[in-house]
Each structure stands twice: as C-alpha cells, then as structure tokens.
Amino acid sequence: MVQLVALLLLQPSVAETRRISATELPFERVHGVARSRSRWLVGGLRGLYLGAPGGDWREVSNQAVKTIVSTGNTAWVLYGNGAVDKVELDGDRLYYDVLKDAAKRPWAASIAADRASLLFGGDGGWIEKSGSAFVEKYPVELLAKQVTAAARVGKELWLGTQDGLFHIVGGKPARLGFGAGMPDVWVTALMPSGNSILAGLATGGLVRVERDKVELIPTPSTRVRLLARFGGRLVLGALDGAWILEGKSWTPLCDVEPTFIGELGNELVIGTPNGLRLFKSS
C-alpha cells in the first residue's frame, strides 16, 4: 500500500491529450485563442481569424494580436498597436477599439480579468472596466511607465512595470524595487496566490510578495514570461519552456518558448512556435 501511494504521488497532475499543428491553424506562433463550442478565435502576428482547426478560417483583422483574454463567451483581443476589440463568439459580433471613446488614453499594454472586472494596463496608469463603466487612473508615480501586468488580490491592486512592482495602497502606488528585495525590476507577469501576489520577472525568476515582503521562489528558469493556473496548480512559461508546479517540484510541459498559456474548457492549452499543445488533469 505504501508503495502504491508513493507511485501515485509521483504521477504528473496533467497529461497531454492532443496537438494541433500549425498546418491546421491560419498561421504559426499563435498568441491567444478563445472557443465557443466548435468556433475558435485565433490571434497572432498575422492577425485575427475565426474558424476551426483543420477547417476553413475567416480573417477578422489583419492587425497583429498580442493576447486574447476570455470572459465567458466574450473574448477581449489586445493588439500589438495597443487597441482592444471585443468579440462575442456566440453572436458572431465584433466591437472595434472599445477603449477609443471610453478612455482619454485608449492604448493598452496588458489586459487581465478577475471575477468582477477587467484591467487594462496602459501608459502611465490603468483602465478598469466594471459593468459598462470605464475608470482611468494615471498617478504621478507611474508617469512614463508602461503597465506590463495587473492583478487583484482581494481588494488590493498590483501593477507590474519595467521599473518595479507597484502595490496600490489607499489609491496611491507604492513601488517595490531592488531596495525591497526584488531581484529584477522588470515584471512580466502577475498571478494572485491566496493573500499574496506572484510576480514573474524578465531575468529574476519568480517571487512571492505578501505585505510587501519579497520571497524568491525556486524555478527551472529565471526568464519568466507567463503565469497561469490549471486545476489549482501554478503553470509557468519562460523563454526556454513551460512547467507546472507539483508540490515543490516543477514538471515540464514543453521545452520550447510558449507563445501563450490559457485554458479551453477543461483543458490547458499552450501555444508553441509550431502549433498548440493541450493537456487535461490526469
């Protein structure tokens, strides 16, 4: 019995179920996907397309896509030029440049979703969408800084930039940099973790910050670009691969740079230069 339990504990929590090659997609190096039943929305350097793997694809936009964030059956498409489109997959409706008339600075560098709102990181601040309202904030502490990542822990907001991690306290940003124990000030990704925030760094790996105390977390790569969760487990994407955290150990998922990491239904999806790889909890 002891041997059986030990063997089960060694089994990875996810198993690869299938691969979708670039030949089944409208292009290689996909940067984001969304799906509603059999309809897929795929974005990347060559634009935004609607269709299904192995079938016909219809061009929606020829603008380069940076990422796609899904909320229910709605997809939010962030383009490389900073514009954001809203796509309702079930109704086949596209709303162009939703920030243009809703914000003084209708340009986004990052996008994140939580249960109650959308956060758009911009030039010198952020835009928050709650319901139909858009609220912009551009504090002087973020002047000339691009918000590369955003996340909320409870009621507290965290913002990542190329010049430090900012904790919004009482509406005012407090910066955490080298002096606070950050091994790198270029924040590439943020992920809530209980009462703390996880911050992926361009060359400094991964840190956990709780009450402004910085703790370095051992990772298989220091060049972190993406953070996600699947089945309650942390998934990390870096320039040299992707891994999922199993207890205190990292299990490899791919050995090439992931172009994005997301979730489709009950599957984890990882973009690679040559297509998509999908996983399920085992």
Before accepting this row, confirm whether a basic side-chain N of the pair Glu263/Arg229 lies closer than 4.0 Å to the acidic partner's carboxylate O. no
Please verify the inter-ring angle class for His167 with Trp158; under 30° counts as parallel, over 60° as perpendicular, anything in between as tilted. parallel
Is a salt bridge present between Glu141 and Arg175, judged by a nitrogen-to-oxygen distance below 4.0 Å? no
So Val60 and Val77, do their side chains get closer than 4.5 Å, heavy atoms only? no
May I ask you to decide whether Asp123 forms a salt bridge with Arg105, counting only side-chain N to carboxylate O separations under 4.0 Å? no
Answer yes or no: is there a donor N or O on one side and an acceptor on the other, between the side chain of Trp57 and the main chain of Glu24, under 3.5 Å? yes
Is it true that a side-chain atom of Ser130 and a backbone atom of Ser117 form a donor plus acceptor pair closer than 3.5 Å? no
Would you indicate whether the side-chain heavy atoms of Ser61 and Tyr79 approach each other to under 4.5 Å? yes
Decide yes or no for Val98 and Trp76: does some side-chain heavy atom of the first lie under 4.5 Å from some side-chain heavy atom of the second? yes
Taking 4.0 angstrom as the limit, do Glu257 and Arg225 come out as a salt bridge? no
Test: Asp90 and Arg37 ion pair at under 4.0 Å: yes
Is Leu25 linked to Val269 within one hydrophobic cluster, defined over Ile, Leu, Val, Met, Phe, Trp and Tyr using a side-chain heavy-atom separation of less than 4.5 Å? yes
Check: Thr74 main-chain N/O paired with Lys86 side-chain donor or acceptor under 3.5 Å: no
Hydrophobic clusters here meaning ILVMFWY residues chained together by side-chain heavy-atom distances under 4.5 Å, can you tell me if Leu165 and Leu198 are in one? no
Of the options Lys213, Glu215, Arg208, which is the one that meets Ser196 in a side chain to side chain donor-acceptor pair (under 3.5 Å)? Arg208
More than 12 heavy atoms from other groups under 6.0 Å of CH2 on Trp107: yes
